[in-house]
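The structure appears right after this line, and notes come after that.
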Amino acid sequence: MHPSFIWKMAWRDSRSSRRRLLVFSISITLGIAALVSIGSFRNSVSQAIDDQARSLIGADLIVESSRPFKAEEEMFLRSLGAPQARETRFTTMAVFPAGGGTRLVHVRAIGGDFPFYGTMETEPASAAREFRDGTRAVVEESLLIQFGARVGDRVRIGDVEFSVAGAVHKMPGEASAGASFAPRVYIPLQDLPATNLLKPGSIAQYRNYVKFPASADVEARVKLIEPEMQRLNLEYDTVAKRKKDLGAALENLYRFLNLVGFIALLLGAVGVASAIQAHLQQKHRTGAILRCLGASARSTVFVYLLQAAAMGLVGATAGAALGVAMQRVFPAILNSLIPLPISTSIAWEPILRGMLVGFAICVLFALPSLLRFRKVAPLLVLRSSTEGDGRGGRSSFDPLVTVVYLIIAGSVTAFAISQTETWTRGLVFAAVLGLSISIFAGMAKLLIVLVRKFFPHNWSFALRQGLANLYRPNNRTLLLTVSLGLGTFLLLNLYLSREVLLAQFRSIDAKDQPNIFLFDIQPDQTRGVADIVRSSGLRVIQEAPVVTMRLSEIKGRKTSDILADPKRKIPEWQLQREYRCTYREQLSNTEKVTEGEWIGRVDYHPGDAVPISIDKDIAKDFEAKLGDELVFDLQGVPIKTRIASTRDIDWKRFQTNFFVVFPAGVLEAAPTFNVLVSRVNDANESARLQSAVVAQYPNVSALDLTSVIQTVDAILSKVALVIRVMSLFTVGAGLIVLASTIWSGRYQRLRESILLRTLGASRMQIWKILCAEYAMLGVLASGTGIVLAVASSWALARFVFKLDYAPSIWPLLVAALAVSGLTVIIGLLTSRGIGSAPPLEILRAEAE
Amino acid sequence: MTAIPILDVQRLTKTYRTGAGELNVLKEISFSLPQGATCAILGPSGSGKTTLLGLCAGLDRPTSGSVLLNGDPLADMDEDERARVRNQHVGFVFQNFQLIPTLTALENVTVPMELRGDRAARALGLELLQRVGLGDRVAHYPTQLSGGEQQRVALARAFINRPKILFADEPTGNLDAETSSGIIDIMMELNRSAGTALVLVTHDPDVAGLTGRTIRLRSGEAV
Ligand SMILES: Nc1ncnc2c1ncn2[C@@H]1O[C@H](COP(=O)(O)OP(=O)(O)OP(=O)(O)O)[C@@H](O)[C@H]1O
Ligand SMILES: [Mg+2]
């Protein structure tokens with residue numbers, strides 16, 4: 001066949017269905033919009049990170065230590081050149097004497113001209129400079145709001161009262177307000193000693209900021225001094241490092257969003273596939289005539305392939321346009337989580353990629369129907385009765401169609417793997433998707449068989465007709481069940497997973513669980529603090545000494561050597577972190593020994609290997625077994641230990657849980673501080689206890705679970721908002737697919753309905769028949785989707801979060817009702833006209 | 001004219017396998033039609049007329065026996081080769097017209113030529129529509145035409161490639177007597193002027209009388 005004819009025919013043949021095809025092409029629009037907007041957002045963020053890299057940390061180099069810098073270290077720091085600045089960070093209680101309010105805060109005592117890059121933004125703007133002159137503080141606005149305080153009011157930190165110079169809005173290197181448990185308070189470094197808060201063993205972070213000359217190659221310099229920093233056990237941070245960390249964190253977000261977008265796109269693809277299938281079913285006669293007039297099978301397929309490709313192109317273009325418009329939404333939602341202002345600009349790469357993916361998916365999903373179309377027999381023209389049944393050998397095995405299915409499965413899997421960036425997760429994602437599709441297909445087949453077998457012959461005419469429509473030739477049962485069911489499943493799954501996450505946090509606050517946490521208690525204050533708690537009518541649920549140590553050797557290898565090993569599997573943070581260890585004789589009620597023997601007390605002689613108990617997951621990370629040796633560094637003193645047991649710890653309980661527990665008899669003389677856990681019943685009780693403790697022991701800090709939950713909630717709700725926006729894409733795509741599958745199905749029902757009308761069926765009867773059919777489909781699809789979603793979120797709760805899980809019933813009912821209802825409503829809406837217009841008119845207009 | 005018959009049918013048999021057993025629809029039909037000849041197929045409903053026509057035009061495969069179309073054995077060709085033969089040598093007219101609903105009258109007529117990429121399609125199409133008396137309806141869609149008009153469009157389409165043979169399955173079955181004779185006249189006229197052989201399935205003995213020979217079918221057998 002001549003190529004020009006294919007184009008002409010494709011264009012001319014689309015005449016009567018252009019509007020319909022256009023609507024169908026919208027199915028993929030939302031999915032592509034999602035992918036494009038995420039891609040563009042990602043682009044602008046990395047652009048912003050690149051542009052404003054140096055203000056990411058406000059300096060060229062940060063050198064950090066958990067102890068005050070020693071003389072040797074000071075010398076090293078001096079050698080790095082000027083300008084430099086200092087900061088000491090720690091957590092303590094802030095008291096507003098005016099109202100008596102207390103709250104845990106992050107103190108940042110700053111000395112010098114930090115930040116070197118970017119600006120500290122405050123309200124009033126002058127506060128950023130003025131507070132450095134002395135006894136003034138800049139605080140986070142939330143703190144002022146919480147205690148009804150104003151600029152000029154006083155805030156007490158330890159033994160010093162500062163006057164509030166202003167509220168901080170932005171500080172280079174810090175995420176925005178509200179992203180942490182405790183609000184920040186900036187004070188001048190020179191006032192720090194007077195607070196009397198930092199004692200030997202107190203937990204604090206000592207930072208030194210360095211600015212290199214503008215011409216310096218930061219990376220090269222850092223490389224040069226790296227060995228020295230390692231020798232001194234100093235940690236450091238540079239722009240490059242921070243960029244990498246930030247990138248990794250964002251990568252996870254993108255990946256998740258992309259999967260959601262991909263699901264929307266897949267739904268859309270299902271919509272396109274069903275639309276093409278329905279479209280082609282109407283074109284059987286045209287195909288047969290063309291074949292009769294001498295067109296080859298391939299050319300007839302090409303005619304409709306062109307139409308499908310055009311649909312894909314239109315849908316993809318619309319999606320890209322919508323995506324570009326949508327990309328503004330993400331920065332608006334997420335700007336407080338991302339420490340940089342983000343501008344939105346148009347980047348072609350994500351747009352083109354999104355369009356390509358969408359277009360390819362569209363064509364790929366259309367291919368099976370298109371390929372079957374080549375089996376349409378020209379004989380059809382002689383036998384008009386067989387017209388509707390032109391299934392073109394669908395039942396027979398077609399290797400090419402099988403190949404296309406394999407390609408589809410392969411590309412979906414490949415995409416899933418590319419999004420999750422791990423083989424296993426991608427495969428699991430694809431497998432779950434494949435499994436659910438087969439379950440839905442199986443359910444549809446089962447329904448068809450069951451309805452046939454147990455056909456209720458005594459039902460009313462309308463119901464029987466509607467039911468029979470489910471298995472008659474050209475039924476849409478399979479397609480609608482799969483697409484509706486999959487949509488319900490995915491949406492509900494998103495919703496239920498969020499429920500599971502929230503349940504996880506709520507379970508922390510269950511009755512009688514501890515919810516307040518007093519720490520930094522010096523050994524000689526232990527008794528006094530406990531007395532205050534008891535005299536406030538509260539229980540001391542747990543008390544534990546805490547000793548901070550670093551890991552220096554695992555199984556005879558130095559941690560610094562392991563760190564330098566490119567093949568290491570142990571995460572960096574576990575090698576570098578400070579281990580807050582405790583010692584006690586008994587197991588607590590939140591832990592169980594999984595292996596080995598619990599040893600409660602030893603008779604210690606320096607140099608002995610101490611039998612300790614460690615968390616089983618850490619043991620796994622260390623690849624350590626019972627009996628293996630770990631060496632800890634306790635402020636310069638090495639302590640040899642041997643793993644005597646591993647424990648399974650219930651981390652969900654808001655208690656002081658420890659990765660590493662020593663037996664009694666070893667660490668009693670070491671510098672320790674204590675923690676105390678209690679339960680308060682309301683915010684008032686919590687505030688009273690905190691004030692009472694802080695009044696007497698200013699160095700003691702308190703953390704109230706409600707403030708943790710508030711923070712987690714704030715972060716979760718932001719993330720949830722993003723998820724919700726993304727789900728909207730999925731819901732939207734689902735609805736369009738629903739409409740388009742039903743609409744495409746309508747043409748098959750149309751003739752029957754008209755015929756019935758001609759035979760004297762009333763409008764009501766026709767409505768009833770259609771209602772019965774769509775309601776059955778809706779109930780079946782949503783029912784299966786709900787069962788699957790509940791099963792998968794149950795598995796999530798049970799195996800990932802280890803929670804008992806009982807989904808609330810009403811959202812499920814709502815989902816079932818909504819899907820079935822929508823199916824019926826959209827079904828009837830798209831069928832309107834069937835009942836009212838004179839049959840002849842419809843026959844002429846639509847009955848190809 | 002060559003000596004090769006345009007249509008040569010030998011011991012043509014068609015059996016359908018149905019749920020209720022085998023159904024012998026055509027039993028060893030043989031006949032031969034010279035170039036430019038006309039022929040009518042008569043017989044009661046269900047006697048196998050459409051089946052025979054479909055086999056002769058290569059729209060279906062026989063159970064046994066052979067069909068030579070213009071000397072070429074249809075059985076040895078694959079679907080696409082048969083499609084090419086149909087495009088080059090065969091015209092069709094059907095009882096229910098079988099126009100493509102999304103194309104205008106003119107576009108329907110020109111399809112067979114455009115399939116080959118022939119640029120003269122439009123001019124010739126217009127001329128043919130003129131000849132069947134539809135010069136003023138070229139831009140109309142099938143739904144906007146009456147049955148008789150649709151059948152004339154189908155006729156114009158059947159002749160646009162100057163086929164050697166035209167198959168017509170009850171071409172006037174859906175039309176009134178006057179329109180019918182108009183259609184038959186056009187076909188006969190084209191047979192005379194272009195030498196197109198005609199194979200007509202019909203119920204009308206008068207129409208059968210106009211053709212050179214008649215094949216009568218009864219339950220799948222020529223009588
Ligand atoms: N696909 C099929 N499967 C089984 N039987 C078939 C099939 N197609 C046709 N038949 C049977 O073959 C026989 C001949 O059919 P055909 O359409 O050729 O008859 P006809 O002579 O054209 O009749 P009419 O004048 O009514 O058009 C009929 O009995 C019909 O039932
Ligand atoms: Mg017939």
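At distances below 3.5 Å, at least one donor-acceptor pair connects side-chain atoms of B:R86 with backbone N or O atoms of A:C292. At distances below 3.5 Å, at least one donor-acceptor pair connects side-chain atoms of B:N87 with backbone N or O atoms of A:L293.
Within a 6.0 Å sphere centred on CZ of B:R11, heavy atoms belonging to other residues, nucleotides or ligands number 12 at most. In A:F302, the CZ atom is not crowded: 12 or fewer heavy atoms of neighbouring residues, nucleotides or ligands sit closer than 6.0 Å. Annotation: B:R162, atom CZ; neighbour count of heavy atoms from other residues, nucleotides and ligands within 6.0 Å does not exceed 12. Taking a 6.0 Å sphere around CZ of A:R12, one finds it holds more than 12 heavy atoms contributed by other residues, nucleotides or ligands.
We find the OG1-CG distance between B:T50 and A:L379 to be 9.5 Å, quoted to the nearest 0.5 Å. The CD1 atom of A:I289 sits 12.0 Å away from the CZ atom of B:F97 when rounded to the nearest 0.5 Å.
B:L59 approaches A:P378 most closely through the heavy-atom pair CD2-CB, 3.6 Å. The two residues B:A83 and A:A295 make their nearest non-hydrogen contact at CB-O, 3.5 Å. Shortest non-hydrogen contact noted between A:K283 and B:T102 is NZ-CG2, 3.5 Å.
Of the residues considered (B:E81, B:E107, B:R82, B:R84), B:E107 shows the highest number of contacts with chain A, using heavy-atom pairs under 4.5 Å.
By the side chain to side chain donor-acceptor pair (under 3.5 Å) test, B:R137 is found to be paired with B:H140, B:E149, residues two or more places apart in sequence or in another chain being considered.
At least one side-chain heavy atom of A:T286 sits less than 4.5 Å from a side-chain heavy atom of B:P101. For the pair A:M9 and B:I100, the minimum side-chain heavy-atom distance is below 4.5 Å. The shortest side-chain heavy-atom distance between B:R116 and A:F5 does not fall under the 4.5 Å cut-off.
For B:R157, the part sitting under 4.5 Å from any heavy atom of chain A is the side chain, from C-beta outward, and nothing else. Proximity to chain B involves both the backbone and the side chain of A:R291, based on heavy atoms less than 4.5 angstrom apart.
Every pair passing side chain to side chain donor-acceptor pair (under 3.5 Å) that includes a residue from residues 304-318 of chain A is listed here, sequence neighbours excluded: A:D13-A:Y304, A:D13-A:Q307, A:H279-A:Q307.
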